[in-house]
Amino acid sequence: MITKQQRSWMMYDWANSAFATTMIAAVLPIFYQTVAASTLDKHVATSYWSFTQTTAMILVALISPVLGAVADLSQRRMAILRAFAWTGALSCILMSLAGTGDWLLVSALFIFGTLGFSGGNTFYDSLLPSIASSEQRDELSARGYMYGYIGGGILLALNILMLEKYTWFGIPDKLAATQIVFVSVGIWWFLFSIPLFRTIKDPVEWNRKPVRYYANQGFSRVIRTIREIRRYPELLKYLLAFWFFNDGITTIISMAAIYGAQLGIGTTHLIAALLITQFVGIPFTYLFARFAKRLGSKRSLYISLSIYMVIVLLGYYMQTAVHFYMLAFMVGMVQGGSQAVARSIFSQLVPKGRESEFFGFFSLSSKVSASIGPAVFGIVGLLTGSTRLAILSILLFFIVGILLFMRVDIAKGKVEAGEGQS
């Protein structure tokens with residue numbers, strides 16, 4: 001049985017996945033390459049986009065400890081999640097002001113949007129242990145991603161229709177249609193996040209403190225968590241592995257469209273292929289959760305990461321739109337399932353009673369690591385003048401991540417997590 005809280009939790013994935021699909025993966029990167037940064041050389045525009053991603057992740061990492069402390073110590077977790085969500089939604093709406101040559105404005109607004117998206121997910125993910133038992137988390141986590149694929153996919157399909165048939169909607173040109181698409185993402189995110197905020201509430205009374213207090217507490221807890229995480233060797237080994245392979249996954253998601261655009265693949269093909277990723281991800285995410293139950297979480301994650309390595313290698317040789325469609329289908333097969341299982345594995349290794357603290361550190365550390373992949377991509381692209389070599393550099397993240405993951409004993413980690421309570 002899915003409870004009302006669990007359903008509203010999944011609906012937030014439906015809401016904010018519009019940002020992931022339209023702004024991170026599909027429409028905005030192409031808009032950045034062809035409109036906002038059209039005054040720059042193509043490989044420079046691609047590198048600037050990757051540096052924008054890196055900047056956003058670093059800023060999220062810097063403020064996460066403070067916000068985590070505010071959420072836990074003031075018991076205002078949902079209020080802060082709401083602030084993040086609506087900041088992200090507003091940034092999407094303001095993106096409609098951008099036009100030709102406005103790459104700096106787009107980069108700034110995208111950073112604010114990413115702060116809303118990623119910062120909010122820190123608190124959203126930390127709700128999972130409180131609304132589901134350990135036995136439910138694999139499936140509920142996967143269902144959340146599945147809701148995200150459906151919600152993000154539906155809006156992306158509507159966005160494609162608006163972009164390709166803008167005259168049907170009385171829109172004068174494609175630039176105006178693109179600007180309206182950005183507004184639609186903000187409205188979608190805002191509206192579909194409301195069920196979560198109505199269902200899960202913060203305590204009425206809360207303890208207000210100065211910002212300096214929360215900053216001190218937040219960074220002190222990060223330092224304490226770093227010291228204490230050594231008591232949980234399997235969790236530490238898993239985190240190291242996750243930092244690498246997650247960096248590879250997030251770099252593929254964020255750079256795929258702009259990489260394809262630079263290779264000369266048409267906008268329609270790029271967005272349509274990414275739409276295929278969304279709808280392929282719906283059944284495959286659910287099947288992956290079932291698959292994980294039979295083979296175990298660890299084997300399932302091995303398989304998905306191996307497929308990602310094949311995707312990177314094929315991406316290096318990509319030439320045509322057909323190739324991009326094939327790779328988009330392959331990404332859809334493993335993207336949601338791998339992320340859902342990875343999140344679930346972490347939840348099983350977290351010490352009992354300390355979920356918020358360790359999920360906060362998980363989010364913080366993953367944002368720091370996720371800033372490295374796009375930075376490497378951008379640096380390799382600038383130094384070599386070749387984004388093909390830049391995409392190939394992502395392979396290293398998967399290789400190191402898999403080698404580290406091989407050393408993780410999940411069963412032993414669960415015992416360590418239980419012992420951490422005693």
Side-chain angles (χ1 to χ4, degrees), residues 1-26 71 76-93 113-133 136-159 181 183-202 253 275 277-289 332 335-337 339-341 343-344 347 355-356 359 363:
M1 290 289 292
I2 300 296
T3 67
K4 186 177 180 180
Q5 282 192 338
Q6 291 171 344
R7 190 174 294 108
S8 68
W9 183 83
M10 293 186 292
M11 280 304 299
Y12 184 77
D13 226 325
W14 174 294
N16 77 346
S17 288
F19 183 83
T21 53
T22 298
M23 308 302 281
I24 294 179
R76 306 301 288 172
R77 181 184 300 177
M78 297 306 300
I80 297 172
L81 174 54
R82 184 187 299 112
F84 268 103
W86 292 352
T87 296
L90 180 61
S91 74
C92 296
I93 294 171
T114 303
L115 287 172
F117 178 74
S118 299
N121 279 344
T122 300
F123 305 102
Y124 169 70
D125 287 344
S126 71
L127 294 172
L128 182 58
S130 64
I131 63 172
S133 66
Q136 291 178 303
R137 288 176 204 164
D138 269 346
E139 186 167 354
L140 187 63
S141 182
R143 280 177 178 265
Y145 277 106
M146 187 173 69
Y147 267 51
Y149 276 121
I150 296 172
I154 288 173
L155 184 61
L156 183 58
L158 293 173
N159 290 159
V181 161
V183 173
S184 73
V185 174
I187 293 173
W188 183 280
W189 191 349
F190 172 80
L191 289 178
F192 287 108
S193 66
I194 291 174
L196 178 66
F197 302 129
R198 284 186 171 178
T199 305
I200 303 178
K201 301 286 188 179
D202 288 323
I253 293 170
L275 180 62
T277 298
Q278 290 301 114
F279 285 104
V280 168
I282 295 168
F284 273 97
T285 299
Y286 184 75
L287 289 172
F288 203 92
Q335 181 173 294
Q339 291 176 315
V341 170
R343 178 169 61 184
S344 177
S347 73
E355 289 86 358
S356 293
F359 261 102
S363 177

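Below, all heavy atoms of this structure are taken into account, side chains as well, without hydrogens, waters or symmetry copies.
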Which pair of heavy atoms, one from [X] and one from [Y], lies closest together, and at what distance?
| X | Y | result |
| --- | --- | --- |
| S184 | N159 | OG-ND2, 3.1 Å |
| F117 | A20 | CZ-CB, 4.0 Å |
| S347 | S344 | OG-O, 2.7 Å |
| L156 | A26 | CD1-CB, 3.9 Å |
| V185 | L155 | CA-CD2, 3.9 Å |
| S8 | P195 | CB-O, 3.7 Å |

request  = Report the residue from F84, W14, W189 that forms a ring pair (Phe, Tyr, Trp, His ring centres under 6.0 Å) with F19.
outcome  =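 Output: one option passes, namely W189.
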Spacing of [atom1] belonging to [X] relative to [atom2] belonging to [Y], to within rounding of 0.5 Å:
| X | Y | atom1 | atom2 | value |
| --- | --- | --- | --- | --- |
| W86 | F197 | CH2 | CZ | 6.5 Å |
| Y147 | L140 | OH | CG | 9.5 Å |
| I150 | R143 | CD1 | CZ | 10.0 Å |
| S193 | R198 | OG | CZ | 10.5 Å |
| Y149 | D13 | OH | CG | 10.0 Å |
| L127 | M78 | CG | CE | 5.5 Å |

Q6 side-chain N/O to I131 backbone N/O, donor-acceptor pair under 3.5 Å =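 Checked: pair present.
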Check: I154 and W188 side chains under 4.5 Å, non-hydrogen atoms =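 Result yes, sub-4.5 Å side-chain heavy-atom pair found.
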request  = Compare all side-chain heavy atoms of I24 with those of I253 and state whether any distance is below 4.5 angstrom.
outcome  =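 Touching, per the 4.5 Å side-chain cut-off.
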